[in-house]
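This structure is a prediction, so every number in the text was calculated from the model and none was measured. Every number for a ligand or one of its atoms is a count from 1 in the order of the listing. Numbering of residues begins at 1 and proceeds along the displayed sequence.
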Amino acid sequence: MELVTGDITAERVDAIVNAANSQLLGGGGVDGAIHRAGGGAILAACRELRRTSLPDGLPTGDAVETTAGLLEARWVIHTVGPVYPGTDAAGELERRRALLERAYRSSLGLAAALGAGSVAVPAVSAGIYGWPVDDVARVALGVAAAADASAAPPLVRFVLFSESVSRAFERAAREGGIPAHAV
Ligand code: APR
């Protein structure tokens, strides 16, 4: 497991995970970056999914693959993280945290099922969706550390967009005794 600070669209891996929204038709953040760098083929594939297998969009916590278009990857794996609820009204925080775990688990599991040897993963939900970065780091690394060979590719690389997010992941790896090294 690796921790890298950088732009996920520059990664040369088999699969790149996208922090999408349920509509699957693009957005800001890493979603915008992937569609911009990957080109129209990714959006066309997303539109086809909406027309066929995902008429109501991609449910939070699920993952689906498309072509990676012009990116140096074979697939983009789109997943939808939960929006941070801000309060713990009626256990909403725990319910959504389970969805955050599911989003990472679904993405890594799909990458493994596709036969990817390597996957780049962003800090899903830690941006526009407002989830506290320290908690995202704990959830993401915990899911990756618990994944066996059938649940994640041999190389899982978390690609963090800023030093502060990288530090949060390094701290979570250290505190969790998780063998993830910053490269
Ligand atoms: N490479 C790697 N990480 C990136 C990049 C990039 N090019 N751009 C942004 N990030 C980081 C953000 O800094 C944040 O740490 O990805 C993390 C996730 O942030 P968002 O992309 O905002 O994703 P999320 O918080 O899951 O919100 C999803 O935002 O972009 C829209 O369409 C998307 O509605 C959806 C929502």
If you have a sec, work out which protein heavy atom is nearest [atom] and how many Å separate them, to one decimal?
atom: atom 21 (O) of ligand 1; result: Val30 N, 2.7 Å
atom: atom 23 (O) of ligand 1; result: Ala19 CB, 3.6 Å
atom: atom 30 (O) of ligand 1; result: Gly28 O, 2.7 Å
atom: atom 36 (C) of ligand 1; result: Tyr129 CE1, 3.4 Å
atom: atom 25 (O) of ligand 1; result: Gly127 N, 2.8 Å
atom: atom 1 (N) of ligand 1; result: Ile8 N, 2.9 Å
atom: atom 18 (C) of ligand 1; result: Ala123 O, 3.1 Å
atom: atom 29 (O) of ligand 1; result: Ile128 CD1, 3.3 Å

Can you name the atoms of ligand 1, numbered from 1 with element, that are less than 4.0 Å from a heavy atom of [X]?
X: Ser125; value: 24 (P), 25 (O), 26 (O)
X: Asp31; value: 30 (O), 32 (O), 33 (C)
X: Gly26; value: 32 (O)
X: Ala33; value: 7 (N)

Looking at ligand 1, would [X] count as a contact under a 4.0 Å heavy-atom criterion?
X: Ala126; answer: yes
X: Gly6; answer: yes
X: Asp7; answer: yes

List the atom of [X], the atom of [Y], and the distance in Å for their closest heavy-atom pair.
X: Leu160; Y: Ala123; answer: CD1-CB, 4.2 Å
X: Ala149; Y: Ala112; answer: O-CB, 4.3 Å
X: Ala144; Y: Val156; answer: CB-CG1, 4.4 Å
X: Pro85; Y: Glu92; answer: CB-CG, 4.0 Å

**Prompt:** Which option, Phe161, Phe158, Tyr84, owns the non-hydrogen atom nearest atom 11 (C) of ligand 1?
**Reply:** Phe161
**Message:** Students often mix this up, so state it plainly: with edges at 30° and 60°, are the rings of Tyr84 and Trp131 parallel, tilted or perpendicular?
**Reply:** perpendicular
**Request:** Assess whether atom CZ of Arg74 is packed by more than 12 heavy atoms of other residues, nucleotides or ligands within 6.0 Å.
**Result:**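 12 or below, so no.
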**Asked** Can you check whether Leu141 reaches Phe158 side chain to side chain, under 4.5 Å on heavy atoms?
**Response**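 Of all side-chain heavy-atom pairs linking Phe158 with Leu141, at least one is under 4.5 Å.
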**Message:** For the CG atom of Leu24 and the CD1 atom of Ile42, what is their distance to the nearest 0.5 Å?
**Reply:**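 Spacing of CG (Leu24) from CD1 (Ile42) equals 12.0 Å.
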